[in-house]
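Report on the following structure.
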Amino acid sequence: MTTAGDIMHRGAQWIPAHETLDRAAQLMRELGVGALPISDENERLCGILTDRDIVVGCVAMGHDPAKITAGEMAQGTPRWIDSGADVGEVLQEMQGHQIRRLPVIENKRLVGMISEADLAQHLTEEQLAGWVESVYARSGMR
């Protein structure tokens with residue numbers, strides 16, 4: 001059985017909710033990622049921040065990314081998966097919520113992230129085709 005822990009990218013890092021978006025963008029650049037999980041003061045997942053969120057939700061709105069925090073950008077209920085979850089559960093979570101990145105939690109701690117690239121490396125062509133169709137077709141992305 002392939003698990004979330006088997007396919008995730010290890011070494012994911014939080015951005016604390018109180019950190020500003022300019023710092024989040026710097027951290028994304030340093031880590032070479034396009035998304036960061038947002039943690040509250042108890043290091044619990046309270047959202048996920050993407051590079052697109054920073055551009056569309058802050059910069060394009062005329063706001064200063066040095067004055068807006070990651071926590072202010074967190075919207076909705078954050079989705080995550082346990083590291084021991086079967087890859088089928090990973091697909092179900094990502095497909096069901098139309099998400100492209102999924103934090104992986106173990107013992108209430110962030111241990112990794114699953115991205116599209118991780119899926120592409122570990123799924124069968126049939127599984128990957130089903131995931132792509134369900135996530136992109138319903139979201140209207142092209």
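Computation of the quantities below employed the complete heavy-atom set of this structure, encompassing side-chain atoms and omitting hydrogens, waters and symmetry-equivalent molecules. Please read these numbers as outputs of a predicted model, since none were measured by experiment.
Distance check: Ile105 CD1 to Ile81 CD1 gives 10.5 Å after rounding to the nearest 0.5 Å. In this structure, CG in Leu49 is found 10.0 Å from CZ in Arg101, a value given to the nearest 0.5 Å. From Ile48, atom CD1 reaches atom CE of Met113 across 3.5 Å, with rounding to the nearest 0.5 Å. Note: Thr2 OG1 to His122 NE2 = 8.0 Å, rounded to the nearest 0.5 Å. A distance of 9.5 Å separates CH2 in Trp80 from NZ in Lys108, rounded to the nearest 0.5 Å. A distance of 10.0 Å separates CH2 in Trp14 from CD1 in Ile38, rounded to the nearest 0.5 Å.
Heavy atoms from other residues, nucleotides or ligands lying under 6.0 Å from CE of Met1 number more than 12. Applying the 6.0 Å contact sphere to CD of Glu30 captures more than 12 heavy atoms from other residues, nucleotides or ligands.
Glu43 and Ser39 make their closest contact through CA-CB, 4.0 Å (heavy atoms, listed as atom of the first residue, atom of the second, distance). Between Cys46 and Ala74, the closest heavy-atom pair is O-CB, 3.6 Å. Across all their heavy atoms, Val90 and Ala4 have their closest contact at CG2-CB, 3.7 Å.
Counting only distance, with no hydrogens or angles, the side chain of Asn107 and the backbone of Arg109 share no donor-acceptor pair below 3.5 Å. Side-chain N or O atoms of His97 include none that pairs as donor or acceptor with a backbone N or O of Glu93 at under 3.5 Å. Judged purely by atom type and a 3.5 angstrom limit, Glu72 uses its side chain to pair as donor or acceptor with the backbone of Thr69. The backbone N or O of Asp86 lies less than 3.5 Å from a partner atom in the side chain of Glu89, making a donor-acceptor pair.
Using a 4.5 Å cut-off on side-chain heavy atoms (C-beta onward), Arg23 and Thr20 make contact. For the pair Asp64/Val59, no side-chain contact is recorded, criterion being any heavy-atom separation below 4.5 Å from C-beta on. Residues His63 and Leu21 have side chains not in contact (no heavy-atom distance under 4.5 Å, counting atoms from C-beta outward).
Of the options Gln13, His18, Glu19, a side-chain contact (heavy atoms from CB on, under 4.5 Å) to Ile15 is made by Glu19 and by none of the others.
Listed by chain and residue number, nothing satisfies the salt bridge (charged side-chain N to carboxylate O under 4.0 Å, His left out) test with Arg44 (two or more places apart in sequence, or in another chain).
The same ILVMFWY cluster, assembled from side-chain heavy atoms under 4.5 Å apart, contains both Val33 and Ile54. Linking Ile, Leu, Val, Met, Phe, Trp and Tyr residues whenever their side-chain heavy atoms come within less than 4.5 Å places Val87 and Val111 in a single cluster. Under the 4.5 Å side-chain heavy-atom criterion for Ile, Leu, Val, Met, Phe, Trp and Tyr, Met73 and Ile99 are members of distinct hydrophobic clusters.
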Step-by-step side chain to side chain contact (heavy atoms under 4.5 Å, CB included) determination, Leu45 to Leu110: CA-CA 8 Å; Leu45 182 66; Leu110 178 70; over 6 Å; no
